[in-house]
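Scroll down for the structure; my scribbles are underneath it.
Convention: sequence-line order gives letters A, B, ...; per-chain numbering from 1. Below, each value reflects all heavy atoms present in this structure, side chains not excepted, and no hydrogens, waters or symmetry copies. Everything numeric in this text was worked out from a predicted model, so none of it was measured.
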Amino acid sequence: MKRILSLVLAAMMLISVMLLASCGETEKADITVGAIYIGSQNEEAGYTYAHHTGITRAIEQLKEEGYNVNLLIQDNVPEEDAEVTAAIDALANQGADIIFGISFGYLGAFEKAATEYADIIFSHATGYASNETNFNNYFGRIYQARYLSGIAAGLKAKEVGKGTNGKYNIGYVSAYGTQYAETCSGINAFTLGVQSVLGEEAQVYVKQIGEWGNPTVERQAAEALINTYSCVVIGQHCDSAQPQIAAEAAGVFGCGYNSDMTPSAPNAHLTAPIWNWEVYYKFAIETALTDPANFMDKVGIYYGGLKEGFVDISPLSDNCTEDTAAKIDAVKDMILSGEWDVFSNVKLSFDEDGNVVKTTSALTTNDGKTVISEDNASYYVYETNEAGELTGNMTEVGGADTIDSIIKGSMNYYVAGVTDVTE
Amino acid sequence: MKRYHIVKRDLLTPGRRIVFYLLAIAAALLLGALLLMMTGVNPLSYYFKMLTIGTVTDSGELSRLAYKQVENLIKVFVPLVLTSVALSVAFKMKFWNIGGEGQFLVGAVAAAFIPLKFGVIGNQALTLLLMAAAAMAAAAVWGGIVALLKVRFGTNETLMTLMFNYIALYFVALLGEEKAGWNVFLDPESQRPLFRSVWDFVTMPAITIGKFSLSWSLLFVLVLCILVYFYLKKTKHGYEISVVGDSIGTAKYAGMKVGRIIVRTMLLSSALIGLAGFFKLTSAGPLSTSLTDSVGWTGIVVAWLAKLDTVGIVITSLLISILRFGCSQASVTFGAVDSRFADLLQGVILFAVLAADFVIRFKIVKKEEA
C-alpha cells in the first residue's frame, strides 16, 4: 500500500512540474481561423483533404506576407446540428475570428450561430443561406471545368471509335442526377463539352450511385457503364478514384474529379475538373483580417469560376489526343474573356482546322423540351408541385440573368444526348 | 513439475479494489500518453485540455465561453446516462438489450413526428409532454416486440435487438432522403433533403443562471435515475428482475411469471431509451442517423464499467462524457490528434478495467503438479 502511495505522489509531482513547464505564453495571432470538417484532417485524398489543403496553403501564403494566422480545427463532425453547434462553440471559445464549415448539412447550425456570435464571421461551403453582416456561403462554377474536361473526353472517344450502336459512348458516374442542380449541371456541362467535338453522335450514359462517395459502388457503376453500355470514356462526380481505376483495368479512358487522378490511373486518366479552394480561403481570411466589418460587401456570396482561378482542370495527361490542349485553350479563353459561357443559346464546335465555330440554337432537354430559347430570352426548368415532385410541364424562370440561380439551385433536367441508366 | 494456475482470490476490501481500478485507468492514460508523444503532442497539456473540457485557457483563466462548454457537456451527458441506466435495467435480468441505438432513434422519430405533423398542440409544455409520451411508447413497442418474441418463441434477444438497430437506422436514413408529400420530417425550404428541426416549434426549457442555462432535461434525468435506483433496490419488481437474472429456474419455482417480467422490464428499458432520444432531440438538434452519438453502444460499456450499479453509472457516464467531449475540445488545439482519439482511449480504459477485474477476482500461483 505504501509503495502505491509513493508511486502516486511521485506521478503527481511529475505532472505538476510538466504542467507548469507547458504553460508558456503564446504569441498573439493577428487572426484565428476555425475550420469544421466532415472527415479527418489527416486524410490524404478526397473532399476534406481538398479543403484542408486549401486552408493550410492560404494560411502559408498569408504568413509569407507577414501575418500571424492561427488555425483551429474540429474534424469528423457529422451533419448534425448538435455536433456542429458544439464544434462552433468550441472554436468560438478558443477565440476563432472566422469559421469555415465545409459540408452542406452544417447549414442550420451555421445560420443560428451567425446570429448568436455577431463578432465572428461564418462561411459555409455549398450552402444557400447567408445574412447581411457575418454569414456567407461559397461555391464555384465547376461546370466550366467540366465542359473543358468534356472536350478532352470527346476527342478521346473520337479516336477510339463508335460503338455497335453507331454512337460514341461515354459514361458518367454521378452521385445523384436531376435531384440536385449541382450534379445535373455537371452532367449537362460535361455532355455539352463532349458534343462540341462529337455533335449528335455523342451518347452520354449516366449512372447514379445515390451517395456522394462509396468506392465500391463507384467502381461497380463504372464497370457497368463500360461492360453493358460500351463506354470508352468515364467521367465522374463522386469522391474516389475508383471509376478511373476501373477504366484503366478495362483499357478505356476517363476524367476524374477533385484532384488530378493520373497517378491512380496513369494509362486511362485524361484530365480532371478540380477546385483551387485556397483561392477562396486566402481571399476570405485576408478580408476577415483587414476589413472584417465589410466582409459581406467584399466577399459576400462567393461563386468563383475559371476567371478567379477557383476552378480549373488538372494538367492534361499523355493519354489525351494531340489537339486536346489547343482546343481546350481556345474555349477557356472564350470563358475567361466573358465572350461565352456554357449554358446559353450558343453551342460551340470545331471546324477542320480546329477553330471554334459558334452556332445559335435552342438548348433542349433529352425529352425534347426547350430550356433555353433560341433568342436567349426565355429560360425554363421542369415544374415542381408543392411536395417537390415533377409535374412533367415546363415553367419559365426568366431571362439570361437567371442562369446563375438555375445552376445553383433549380436546374432539374438533362440536356439532349444524356441517358440516365440508373436502375 | 511446477505449473501456473489461476486461483480465485479472497474478496478484496473495497478500498483495495478502488486502488486497482484507479491503477487500471492510470495505465490506460499512460498508454494514451505514449501514443500522444509518438504523434508529437505533449500528453500533459492534452490531458489538461481534455479534463478541463476547454473551459480553461493556456494562461490559466476561465475561457470566454466556459459556460457554453458546460452546457454542451450536459448535452452529451444526459442521453448517455439515461441510456446506460435503462440498459442496466435489462442487463440486471440478463436480457442482452444491445438495441439501444435503434430504440433511441425510434423514440426520437416518434417525438419529432408530433410537432412536425401537428405543430404546437395546446402549449409548449403539453407538446413536450406528448412528444415524450410518443417517444416512450414507440421505443417500448420497438423493444417490446423483441421481448415478446423471446418469451413466445425463444428467439435470441441479442441478435434480434442488434438487427432492430439497423432497421431503425435505415428507416431514419430513408426519412432523410425521401422528399415527398408524406415526409414531414424534412425542411420544406431546402433544395436538398435536410431534416427539419423541432426547434421551429418547441424547445426544452432551461433555468438561466447568469449566462449559463441549465436544461431541465438534466434535472428530469437525474430524478429518473433516482427512481430507477429505488425501483431496482426497493420494489417487488426490482427483486423479481434480479431473481430472473440469477436463475430463471428459481424464479419459476418461486411462482414468478417469468414471461411477464421479461416483457415488462424490456418495455421499461426501451421506453427510457426512447425518452433519451426525446431529450437529445429537444435539447440538441434535428433528427439524423448520427443523432444517437453511439450512446446505445457506449451505454453498454458504461453499464458494465459501473457493474450495473445505478450510482456508479451516473458517475461513469459523467467521466466518459468528459473523456469524449474533452477529447473533441483538445483536438481543436492539437491538430495531429483527431477527435477519434476519445474512442481509442475509451476502449483502452474499458480493457484495462476488465483486466483489473480479473486481477481483483483471481490470482496466478505457481504450484507443484499433483
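In A:Y49, the OH atom is not crowded: 12 or fewer heavy atoms of neighbouring residues, nucleotides or ligands sit closer than 6.0 Å. When the shell of 6.0 Å around CH2 of B:W216 is examined, it contains 12 or fewer heavy atoms from other residues, nucleotides or ligands. Atom CZ of B:F212 is surrounded by more than 12 heavy atoms from other residues, nucleotides or ligands within 6.0 Å.
Interface remark: of the candidates B:W199, B:F334, B:F325, B:W199 forms the most heavy-atom pairs closer than 4.5 Å to chain A. When A:N76, A:N70, A:D75, A:L91 are compared by the number of non-hydrogen pairs under 4.5 Å with chain B, A:N76 comes out ahead. For the set A:P78, A:G105, A:A92, the entry with the most heavy-atom pairs within less than 4.5 Å of chain B is A:A92.
In plain terms, the two heavy atoms of A:A86 and B:N72 that are nearest each other are CA-ND2, 3.8 Å. A pairwise comparison of heavy atoms in B:P286 and A:E80 identifies O-CG, 4.4 Å as the closest pair. Taking all atoms of both residues into account, the shortest heavy-atom contact from A:Q94 to B:Q329 is NE2-O, 3.5 Å.
Both the backbone and the side chain of A:D89 come within less than 4.5 Å of a heavy atom of chain B. At a 4.5 Å heavy-atom cutoff, A:E211 makes no contact with chain B through either its backbone or its side chain. For A:Y117, the part lying near chain B is the side chain, with the backbone staying farther off; criterion is any non-hydrogen pair under 4.5 Å. Using a 4.5 Å cut-off between heavy atoms, A:L72 touches chain B through backbone and side chain atoms alike.
Summarising the geometry, atom CD belonging to B:E71 is positioned 11.5 Å from atom OG1 belonging to A:T85; distances are rounded to the nearest 0.5 Å.
By the ring pair (Phe, Tyr, Trp, His ring centres under 6.0 Å) test, A:H237 pairs with A:W212, A:Y257, sequence neighbours left out.
With hydrogens and angles ignored, the 3.5 Å screen pairs a side-chain donor or acceptor of A:Q74 with a backbone N or O of B:S328.
At a threshold of 4.5 Å between non-hydrogen side-chain atoms, the residues A:D81 and B:F195 do not count as touching. Using a 4.5 Å heavy-atom threshold, the side chains of B:L194 and A:E79 count as separate. With a 4.5 Å cut-off on side-chain heavy atoms, B:Q69 and A:N93 count as touching.
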Less than 3.5 Å apart, which donor and acceptor atoms pair up between the side chains of residues 17-38 of chain B and the rest of the protein, not counting sequence neighbours?
residue: B:Y21; atom: OH; partner: B:K307; partner atom: NZ; Å: 3.4
residue: B:Y21; atom: OH; partner: B:D357; partner atom: OD1; Å: 2.6

